[in-house]
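Convention: sequence-line order gives letters A, B, ...; per-chain numbering from 1. Note: hydrogens, waters and symmetry copies are ignored here, and every other heavy atom, side chains too, is used.
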Amino acid sequence: MSNLPVLDAGTLLEIYKKAALIRYNDMRVIKAMKAGLLMTPYYSPAGQEIIPSALSVNLNDGDTICTIYRGTHDMLAKGFPLGPLWAELAGRITGSCKGKGGTMHLTHPESGCMVTTGVVGSSMPIATGLGWSAKLEGKGHVAVANFGDGAANIGAFHESLNLASLWKLPVIFICQNNRYAEHTSFANSTAVDQLSKRAAGYGMAGVTVNGNDVDEMYGAAKIAVDRARAGEGPTLIEALTFRFNGHLIGDAAGYIPKDEMASAKQNDPFVTLRKRVLVDDAASEEALDAIDADIKARIEEAVKAAFDAEWPDVSELKRDVFAHELA
Amino acid sequence: MTTDTMNNISAVNLALYDALAADSTLLVLGEDVADREEGGVAGATKGLSTAFGDDRVKSTPISEQAIIGTAIGASLRGHRVVAEIMLMNFTTIAMDMIINHAAKLRFMSGGQTHVPIVIRTMTGAGMSNGGQHSDYLEAWFAHTPGIKVVAPSNPTDAYGLLRSAIEDDDPVIFIENLPTYWNSSPFTKEVIPLGQAKVVQEGSDLTIVTYATMVAPAMAAAAALADSGVSVEVVDLRTIAPWDKETVYASVQKTGRALIVHEAVKEFGVGAEIAADLSDHFFGALKAPVRRLGGAFAPVPYSKPLETAFVPSTAGIEAAVRALLTERDI
Ligand SMILES: Cc1ncc(C[n+]2csc(CCOP(=O)(O)OP(=O)(O)O)c2C)c(N)n1
């Protein structure tokens with residue numbers, strides 16, 4: 001891709017910080033699962049760190065995101081705080097959702113993380129509404145819909161893209177194409193070779209990028225966000241990536257050819273990003289080590305606080321069903 | 001404020017007009033709702049986009065999932081939204097958005113977000129619309145924690161309940177009856193709280209608990225029965241979920257007998273819930289078992305005599321009351 005907005009050293013380092021937070025957090029979740037501390041389906045975003053990191057450096061506080069069960073990377077990148085995140089994973093009352101949402105339903109409106117959905121494809125209609133509201137408000141805020149390649153085959157995809165384009169809404173539809181929907185490959189489920197081709201069918205901008213390449217991803221995201229803020233409507237970004245684990249932790253991913261997985265891991269985008277930061281002299285090795293150490297310490301602090309916290313009282317069962325409890 | 005008479009559709013229209021005027025965050029969307037599209041197939045939203053602008057009253061493509069999803073998203077950012085799903089059968093297409101998202105986001109977010117939307121929809125047998133355009137599906141929604149279900153039976157209630165539904169902080173399904181849209185009756189402009197039933201006919205021998213289209217035949221049956229000395233109390237629920245137990249209990253306490261009547265299929269319907277609740281609450285104190293009358297266990301048929309036979313009739317209600325009154329006192 002040519003004419004891409006250029007990534008400066010400061011932004012590159014910001015992206016690194018987000019990607020490192022995502023990677024080390026993911027490792028810590030898996031460790032907690034293996035230790036038997038967390039018993040829940042967990043959909044690791046390992047391998048997909050660059051997409052939300054490079055996207056969200058273009059976002060601000062008034063912007064909102066919707067994401068899916070595989071969304072901790074999206075939320076951490078947007079600013080979801082570690083304490084309420086871990087307490088929620090642990091099902092504690094101190095969790096962002098008081099332990100009532102859990103891994104697949106994380107919400108934290110203060111950081112713009114409005115909805116996490118466990119229903120494939122449902123992030124799109126809701127993000128469309130967030131974009132509609134933002135447009136009416138007229139302050140240039142945008143809404144992001146994260147979803148997978150599998151979700152692009154659900155009817156809600158079509159309805160949302162058509163409506164958002166028709167109304168010129170400030171929505172970024174970002175398909176994180178990790179090549180698999182549960183066990184089904186992209187090729188075996190999708191009739192086009194590039195999802196971005198579908199954008200033409202809705203009269204909107206569409207682009208396919210290497211989502212693991214920080215320059216491509218940052219550039220495409222910046223163009224899309226600028227376009228949305230300028231009132232020029234939505235963009236469909238297909239960000240090609242790969243997931244380093246099965247669909248969820250515990251799935252051995254037997255349906256992924258071994259060499260495909262091996263080469264993906266060899267080209268680990270986080271490792272590549274780290275090298276890139278050093279090459280660009282955006283930070284020294286020692287500085288990055290210090291950043292990493294700080295992130296890991298903050299994660300440990302959040303983990304400890306989460307498991308030290310109280311469980312929700314059973315009375316919570318009937319709270320938040322309605323605005324006011326029913327008799 | 002009482003004006004002479006109004007029809008149901010004008011009451012809905014007036015409620016939307018007044019609500020849009022009262023609350024600048026309120027938005028209306030749905031298929032054909034703007035004036036460019038003539039304000040809806042039945043004209044329920046006529047004049048609104050002209051009065052309040054195309055930004056606030058917006059016609060959508062035929063996209064039920066996107067209509068409800070968009071309403072949810074906008075509400076999460078501080079708007080109130082009235083979303084129209086043209087006919088209740090088409091709510092099935094948006095079920096994911098309604099059941100998995102609108103109803104649950106407050107709970108799953110631990111109260112951090114909520115979805116103050118009203119889903120207006122119309123339905124009802126009587127216009128030979130056949131199986132896919134006539135169903136009352138209120139039980140599906142009443143069975144879902146997090147959603148309120150409202151079904152007015154007359155213009156005053158349509159206005160008053162819609163105003164409350166819009167002001168409510170939870171998602172509300174607002175069911176309008178299509179075949180009686182153009183029926184007029186005396187109209188009072190007042191806001192009616194959700195969750196309050198109304199005794200529309202006082203009586204002492206038996207309570208009919210009903211709502212929406214079945215209020216009229218229940219009243220007619222009560223009038224016919226009064227002629228032969230039977231005193232029937234009719235309770236219009238108005239809000240189906242949460243239903244007003246206090247009013248219903250007080251009535252059944254007084255009469256000792258209850259018949260629940262709704263247009264939706266009887267099996268697994270709202271009547272089953274109320275009957276079970278009353279049987280629990282009044283076990284031993286009832287003079288007869290609680291009974292239900294509902295639509296036949298069949299899709300709504302097209303052919304006129306069949307369609308008529310599907311819906312509980314005045315004569316059917318009268319017969320059910322008489323049967324209950326001859327049950328041996330227990
Ligand atoms: C509507 C719906 N159908 C099926 C499922 C079960 N399911 C959960 S994740 C998934 C695969 C989705 O793949 P994709 O959209 O590519 O996202 P990814 O997990 O790869 O990030 C399926 C089929 C679901 N959650 N929702």
Basic-acidic side-chain contact under 4.0 Å: B/Lys46, B/Glu38:
no
State plainly whether the residues A/Lys139 and A/Asp63 are in salt-bridge range, i.e. N to O under 4.0 Å.
no
Any donor and acceptor pair, going by atom type alone, linking the side chain of A/Ser196 with main-chain N or O of A/Gly206 inside 3.5 Å?
no
Verify the distance criterion only: is there a donor paired with an acceptor across the side chains of A/Thr107 and B/Ser109 at less than 3.5 Å?
no
Relative to chain A, which segment of B/Leu105 carries a heavy atom at a distance below 4.5 Å: side chain, backbone, both, or neither?
side chain
Top of B/Lys58, B/Arg77, B/Met108 for chain A proximity - count of heavy-atom pairs under 4.5 angstrom
B/Arg77
Answer yes when B/Arg106 and B/Asp169 have at least one side-chain N-carboxylate O distance shorter than 4.0 Å, and no when they do not.
no
What part of A/Ala164 is in contact with chain B, defined as an atom under 4.5 angstrom from a non-hydrogen atom: side chain, backbone, both or neither?
neither
What part of B/His101 gets within 4.5 angstrom of chain A, counting heavy atoms only: side chain, backbone, both, or neither?
side chain
Given B/His262 and B/Glu138, is the side chain to side chain donor-acceptor pair (under 3.5 Å) satisfied, shown in steps?
CA-CA 10 Å; B/His262 52 60; B/Glu138 70 273 17; 4.7 Å; no
Residue selection (most heavy-atom pairs with chain A, distance under 4.5 Å) from B/Leu27, B/Thr60, B/Thr25:
B/Leu27
Proximal component of B/Asp55, with respect to chain A [non-hydrogen, under 4.5 Å]:
both
Interface moiety of A/Leu166 toward chain B, non-hydrogen atoms closer than 4.5 Å
side chain
Give the table of side-chain donor-acceptor pairs shorter than 3.5 Å for residues 302-311 of chain A, with sequence neighbours excluded, one pair per line with atom names and distance.
unit_1, atom_1, unit_2, atom_2, d
A/Lys304, NZ, A/Asp308, OD2, 2.6

With only heavy atoms counted, which part of B/Leu29 is less than 4.5 Å from chain A, the side chain, the backbone, both or neither?
side chain
Residue among B/Asp96, B/Asn100, B/Ile93, B/Thr113 with most heavy-atom pairs under 4.5 Å to chain A
B/Asp96
For residues 158-167 of chain A, which residue pairs pass the side chain to side chain donor-acceptor pair (under 3.5 Å) check, not counting sequence neighbours?
A/His158-A/Tyr202
Counting heavy-atom pairs closer than 4.5 Å to chain A, which one of B/Gly111, B/Ala103, B/Gly195, B/Ala94 comes out on top?
B/Gly111
For chain B, the option from A/Ser96, A/Cys97, A/Gly155, A/Ala156 that forms the most heavy-atom pairs under 4.5 Å:
A/Cys97
Which one of B/Ile67, B/Ile147, B/Val81 has the most heavy-atom pairs closer than 4.5 Å to chain A?
B/Ile147
B/Gln112, B/Glu64, B/Lys148: which one forms the most heavy-atom pairs within less than 4.5 Å of chain A?
B/Gln112
Cut-off 4.5 Å, heavy atoms of chain B, and the answer for A/Glu316 is backbone
Please assess B/Asp157 against B/Lys198 for the test salt bridge (Lys or Arg N to Asp or Glu O under 4.0 Å), listing each intermediate value before the final yes or no.
CA-CA 10 Å; B/Asp157 288 358; B/Lys198 184 177 184 186; 5.4 Å; no
